[in-house]
Each structure stands twice: as structure tokens, then as C-alpha cells.
J.: 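Shown below is the structure under consideration.
Per chain, numbering begins at 1; letters A, B, ... match sequence-line order. These numbers come from a predicted model, not from an experiment.
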Amino acid sequence: MVRMRSAVQSRSRAPFSLEWIGFLMGCLYDEGMSGFHYKMTPRVGDASSSFDVSDLNKEQAEAVMHTRGPLLVLAGAGSGKTKTLVYRMARLIHDGVDPKRILLLTFTRKASQEMMRRACGVLDARCQQVVGGTFHSFCNMVLHQYATQIEYQNGFTIMDRSDAENLMALIRKQGDYQKKDKRFPKKNTLLDMVSKSVNTNRSIEQVLMDDFPHFYDLTDDVLEIAKKYHIQKEALNLMDYDDLLVKMVHLLNHHPNIRQQLSKKYQYIMVDEFQDTNHIQLAMLKGLASEHQNLMVVGDDAQSIYSFRGADIQNILTFETMFDNVTTIRLSTNYRSTQPILDVSSDVINHDVNLYEKALVAARSGGEKPKLVEAFDDMEQADFVVDRLLSLREEGVSLTSMAVLFRSSSHSSQVELALTRANIPYKKYGGFKFTETAHIKDAMAYMKVMVNPDDELSWHRVLQLLDGVGPKLSQQIINYQREQQFNFSGMDYAPFKKKAAHDELLGIAALMATTNGMAPTDVLQRVLDAYQPVLKKTYDDFHKREQDLNALVALSARFRSLAAMLDEFTLEPPESSQVGADAVSDDDEHVVLSTIHSAKGLEWSRVFVLSVVDGYIPSFRSLQDPAQIEEERRLLYVAMTRAKDDLYLIKPNLDDPSAYYPMGGMSFSQLTRFISPDQVDRYFDTWSLGVGEAVGNDDPFGDDAGKKYSL
DNA sequence: TACATTAATATTTTT
DNA sequence: TATTAATGTA
């Protein structure tokens, strides 16, 4: 424990406290006197602070007290990285920095809100005013202010993945690409190619050569499609996820005055999960920090798990060489897990020689050995988990402090069934999103065209919901309406065969004409009234979907504007299980089920990792590429280091021949390659679920009552 | 040209 | 398997 207290203690209580000066500075800035105030900014921190850091260890305190210049914090798992960010935020504000001039970039909005909330606890409510969010949402906010400088119109909207795919499908269909007997990539693949090229800073040709060699001879076609795709997006006033970052960098690089303005505005930049940023995000940070270099990045190279999205681990590995005078601080005391858990985790990760060296030391003592559980199959694995959850709850461990983690969203289906049978409430994170279901997208399409009438993709969707309207007719209507500037009140052209659909469209147009300035909830309510008949006609299970839509109404209540609501639903969609009939509220006791990716940054007392089997972790998809295999290793590391008190790795035999695998009858029955037999002996208690003690015998539908286990 | 049917074909992770 | 592209039919 360290106490950093300076000689000059009562400074901040003086009439002209640093807070006050900071406030004045903020005002000056708002008046546009940026050049003037910048020099006047008080020398925050340094020796004059009386901020209490007695809660922190030496390294954490050092990071918290750091003020100027680039700072790299290498924070091992569970080393108090969030706490460090929270305290530094609070400390800067305590020492007079205007919270509105601190930029906190995190991986999810939830993470930044949580940090700001905690900072409020450490200091006071001012911390709530810090500008925080994801890279994408921050870019979205800024770009809306400067839309015209990047050749977009005001009021652009964001495409989610499926919107982007639809656009790709349109383009694909327009051209005559499906030539000869040659196979042509599908929309999904085409989008992957384009996005990969953008995110990894490679040409389309290079991407095809590296990642899609079988399509390499189609390079010209793909190039053409990519070009059309970019042009179309702009014409429709739509941005995809990548654009948000790309256009931001474009703005910073091509408009020095704006770059300067923004950099001066955000005087202190803090970035969480830096190991998962890509080259565009890095360029953006360079631009934003250009005026002051006050850039603090926090991350753990051992937890870099997003390379599939272009994340470049080199960002963190070479940060020290990319900026001048970088201060590096390593946080290596682990406050989360017990030593036995850390021992295995470290041993697993240290086989990756490319990383910064890891030496995690537990602050806690004692602890049990992790368990390696050998299950017969998928179902026994599920039964074991449920059984164990129940007995732990008996022992007084709350359900909410336990989690089940897995590589891929689909791997949890058996566990979900078993949990439902046993009546255990759970919440699932990762995988399919609520906003990706057809009926929600339908409802959102109506609102999207209201916010952005140029969004022809959404027009297509809306129009094709009408009876008798297919791709051709909807295109005709759109072509006509485009000339009318999509003026809702002027919608009278509709060469319908069916009069009912024609009237329906006019009804919708009339509705849209009246919703200007209305509260999002009210708009949505009207949209749903109009959508109701379509819903009943299209879906057999419309009742269930209706409940989802009602949930959407509930969610819409907290938004000020339609645009804000749509932006958030595409940038941070609510998790599917948080909505709907069997929704579990946050406060209720529940087990968490999560993909390992979505579990990043979180922790639980007991953690179960499902299917720690070669082919699952590492995924058989990654087996060709050594770099990808190393990423899978890190994935396992992330999973294991989520556990505070006890860790269960489960290894079922997954050789079900009825399961469908692309390579044909694959069988997975080997323990993951990341844990050797030797390591099993050294670090684990091995449990074999054998005859007699087979769990799940109470399952009335189970057929495993007489099953023989030979383990 | 809309809508239904059949054939083909790729499967993870997420802003 | 489930999703999507191609083809057939009304």
C-alpha cells in the first residue's frame, strides 16, 4: 500500500481551486478560444496532488498519478486494470481537469458506464460527464457533427451486418458475375473480403491471395464489387461499422483544423483493452492525441482475441516504439484468482513466446486445484454442470457468482436445456442478438427510413412486406420515390395489382409524415400498429414475436430521439436473453452463460469452461494457421483467468456422428493441445464421471440410466 | 414478376 | 443444419 501525498495539501480547497480553473477553461474552450486556454491549463498532478491512493499498490498508483505523455499499462488478468482507469479518471478530475475533456474508450458501452459509475464513488458525480463509450459510438457522435466534411449528408445512419450483406446481394445481382461454371463468392464472403481488406490494411488482391486463394482469379470482379459497395453506401447515406472508424481517420488526416480542435478538446485519452484495437483505431488515437500526446492505453497482450476483426496485437507489442517518451507500467499482482488457477493459466500462456513475459503473482493465498472433468458426452457434460451448480448453491455460492463459458455460442445448447429442465434461471451473452431477428428488423426498417429516407435498403424491406411486392416492384417504387426526394406525403405512385397493398402503403406514408419530432416510443407504437397485420400474416409464431416487439417498446422509452435509438441498437444491441417472455432481470439470481469473447473483462467465483477439447478450443477452423492457434490459446487463457475461486474444465467426447461438421465425420475426443498430460497431473484434480456416480440420473427423459462409462 | 421449390454449400468469435 | 442461390411455376 502506498500513500502519495504532497507537501502542498489544501490547494484544491482554495477559492481558485484547480477544479474551478478547469471549469473556466472548459467555458473558454466552448467560446472557441482554444489557442488561448491551452497554454493556461494548470499543471495537473505532478507534485501538487492530494489525491488519496492508499487503496492502490505501487504500480497502480504510479499509473494513476501519471499525467502527461503516452502511458502504456500492461495489465495482466485480474491485476486491477479497471480500478486503475477508474482512479486515474477520478484523479484527473480531482486535480482540475474538466470531465468533458477526458475521453474514455472501452470495448462496450457498459464497461465505460460502469467505470464512470465507480469513479463517481471514488470522487463525485462529475465523473459521470466524462466522454465515454466504444470507438464506434464515439466516432458516430463526432462524425454526425462533421458529416459534410466527409462527403456524407447529415443524418446518415448505420448499417448492421445484415444490412451490409443485403447491399452486397443487390450489387451482386446487378452485375453479371455468375459466369461460366465458375463458383462465385456469396454476399457474406464478399463482405468479409472487403471488410478484411479495410481492417487489416491490405489490398483486396492481397486479401484474396492470403485468405481466399480459391477466388484469387476473380480479383477484378471483387474489386469492382468493392468499389460499387463503397459508392452505394455513400449514395444511400449509410455507413457500415468499418466506415465509422475509417471516416474518422479521414476526417483527422484531411482536416488539420478539425484534428487540432478535437485533440485540444479531448485533452486526456484513456483506452481500455488496447490489445484488441486495429490499425485504424491506432491511427485515430494518433490523430486525437496529436496536440498533447496524453494517451493512456491499458491492455494485456495475452488477452488479444479479436484478430478476426482486424485487431493487431502489434499495437500493444510495439506501442513503445510508436510514440516518444512512453512510460510503461506493468501491473502483475493478481487480485482475482487463487494461485493454483494462476499457475495453470500462466503455464498455458507462457508457451506463446511472442508475448511480453508473464509473471502473475496472486495476492491471495491458498485455493483449491482446478478440476479437469472427463465427461462421456455433451449431455453428461451438461448434467454435470447443472448438478454442480445446484450443489454449490446448496453450499451458499450464489448463482450469479457462477458462469459457464464456451468457445462458440452453439456449444451451450445442451447446458441450456438442462438448466431449463432444472428450473435454473440463466442469462446468455454472445451469439445471436435480439435485434437480428426478422420481426425486429422489420420494425426498425420503418423507423430507419424516417430518420434516413435515402436508406433504400430499408425501403426495400418495408415495401417487400406488402402483399404482391417483390424485388422488382419495390425497386420501381423506390426509383420513382427517389425523384420525389422520398417525400412521404407525396406517395401516390404504386402500380399495384392489389389495391389493399396500395392503400397499406399510403397508410404507412401518411403515418411517416406525421411522426416528426414525436417521442421514439410513440413512433414505435404507431409503427407496430401498422406492422401488426403483416406480422400475423407472415409468421406462424407471431404471438412470441409480438412479445419481443413489446419488449422493444419498453426499451425505446429511454431514448430522446429515433436516431439515437437506432444508432444504439446497431452499435450496442441488447442481448437476446434480456428480452422476451422468460427474461431474467439483472437483479434476479441467475447463472451467466457466455462466449469467451463476451466474458472478456468479467469475473466470477466459479467458472465452468465447456468442451475443452481439441477441435473446439482450438477451433478446428483455426488449425491451418499457427497465428490463429496462438489466438485460441489466448482464448483459453482468458476463459481460465475469469475464475476467482474455482475452475472447472470439462472434456466430453464429442464424436456424435449425427452432428454436422463441414469436414465430414469428425470426432473430437482429445483434450485441448494447450494442456499436456504432464500439466494435467501437475495442476489438476481429475474427475471422471463414472458408473454409479453418473450425474443426471434424475432426468426423466434421459436414456443414460444404464449407460456404461469406461473412464 | 412474385412466390414456391429444389439444389448447393459453408459453418466461430463481434463493433 | 440452416442459409442462400438457382430454377420452376402460376
J.: Taking only side-chain N and O atoms of A:Arg172, does any of them lie within less than 4.0 angstrom of OP1 or OP2 on C:dA6?
T.: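 Checking C:dA6 against A:Arg172, a side-chain N or O does come within under 4.0 Å of OP1 or OP2.
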
J.: Under 4.0 Å between any heavy atoms, over every strand shown, what does A:Ser598 touch: base, sugar-phosphate, or nothing? Just pick one.
T.: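 The residue A:Ser598 makes sugar-phosphate contact but no base contact.
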
J.: Phosphate oxygens OP1/OP2 of B:dT12: is one of them under 4.0 Å from a side-chain N or O of A:Arg309?
T.: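 So the side-chain polar atoms of A:Arg309 never come under 4.0 Å of the phosphate oxygens OP1 or OP2 of B:dT12.
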
J.: With sequence neighbours left out, write down each residue that passes side chain to side chain contact (heavy atoms under 4.5 Å, CB included) with A:Asn278, or none if nothing qualifies.
T.: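 Checked A:Asn278 against side chain to side chain contact (heavy atoms under 4.5 Å, CB included); matches are A:Asn199, A:Leu245, A:Ile280, A:Gln281.
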
J.: Identify, with sequence neighbours excluded, every residue that meets salt bridge (Lys or Arg N to Asp or Glu O under 4.0 Å) alongside A:Asp455.
T.: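 If we apply the salt bridge (Lys or Arg N to Asp or Glu O under 4.0 Å) test to A:Asp455, skipping adjacent residues, there are no hits.
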
J.: Side chains of A:Asn140 and A:His136: is there a donor and an acceptor less than 3.5 Å apart?
T.: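 Absent: no donor and acceptor within the cut-off.
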
J.: When you check the phosphate oxygens OP1 and OP2 of B:dT13, does a side-chain N or O of A:Ser408 lie under 4.0 Å from one of them?
T.: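 Yes, A:Ser408 has a side-chain N/O under 4.0 Å of OP1/OP2 on B:dT13.
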
J.: Relative to A:Phe107, does A:Lys600 satisfy both conditions: NZ or CZ under 6.0 angstrom from the six-membered ring centre, and within 45 degrees of the ring's axis?
T.: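 Here A:Lys600 passes the 6.0 Å and 45° test against A:Phe107.
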
J.: Heavy atoms from C-beta onward define the side chain here; which of B:dT13, B:dA2, C:dT4 lies closest to that of A:Lys187?
T.: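 Shortest atom-to-atom distance from the side chain points to C:dT4.
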
J.: May A:Phe308 be described as stacking on the base of B:dT14, applying a 5.5 Å centroid limit and a 30° limit on plane angle?
T.: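 A:Phe308 ring does not meet the centre or angle cut-off for B:dT14; no stack.
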
J.: Using heavy-atom distances to pick each residue's nearest nucleotide on DNA chain B, tell me which of A:Gly431 and A:Ser474 is more 5'.
T.: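 The residue closer to the strand's 5' end, by nearest nucleotide, is A:Ser474.
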
J.: Whether the side chain of A:Arg161 and the base of B:dT14 hold a donor-acceptor pair under 3.5 Å is what I'd like checked.
T.: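 By the distance-only test, no, there is no pair.
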
J.: Of the nucleotides B:dA2, B:dT9, B:dT13, which one has an atom closest to the side chain of A:Leu473?
T.: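 The closest nucleotide is B:dA2.
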
J.: Using the C1' atom as the point on both nucleotides, what is the distance between C:dT4 and B:dT13, in whole Å?
T.: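 22 Å, rounded to whole Å.
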
J.: Is A:Ser137 close enough to B:dT15 that one of its side-chain N or O atoms is under 4.0 Å from OP1 or OP2 there?
T.: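 So the side chain of A:Ser137 is outside the cut-off, no N or O lying under 4.0 Å from OP1 or OP2 of B:dT15.
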
J.: Has A:Thr595 got a side-chain N or O lying under 4.0 Å from the OP1 or OP2 atom of B:dT14?
T.: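 So the side chain of A:Thr595 is within the cut-off, an N or O lying under 4.0 Å from OP1 or OP2 of B:dT14.
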
J.: Please tell me if the side chains of A:Val638 and A:His597 come closer than 4.5 Å, counting only heavy atoms from C-beta onward.
T.: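 When only atoms from C-beta onward are counted, A:His597 and A:Val638 do not touch, as no gap falls below 4.5 Å.
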
J.: Of A:Thr570 and A:Gln628, whose nearest nucleotide on DNA chain B comes first from the 5' end?
T.: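 In this pair, the answer is A:Gln628.
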
J.: Expressed in whole Å, how much space separates the P atoms belonging to B:dT12 and C:dA5?
T.: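 16 Å, rounded to whole Å.
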
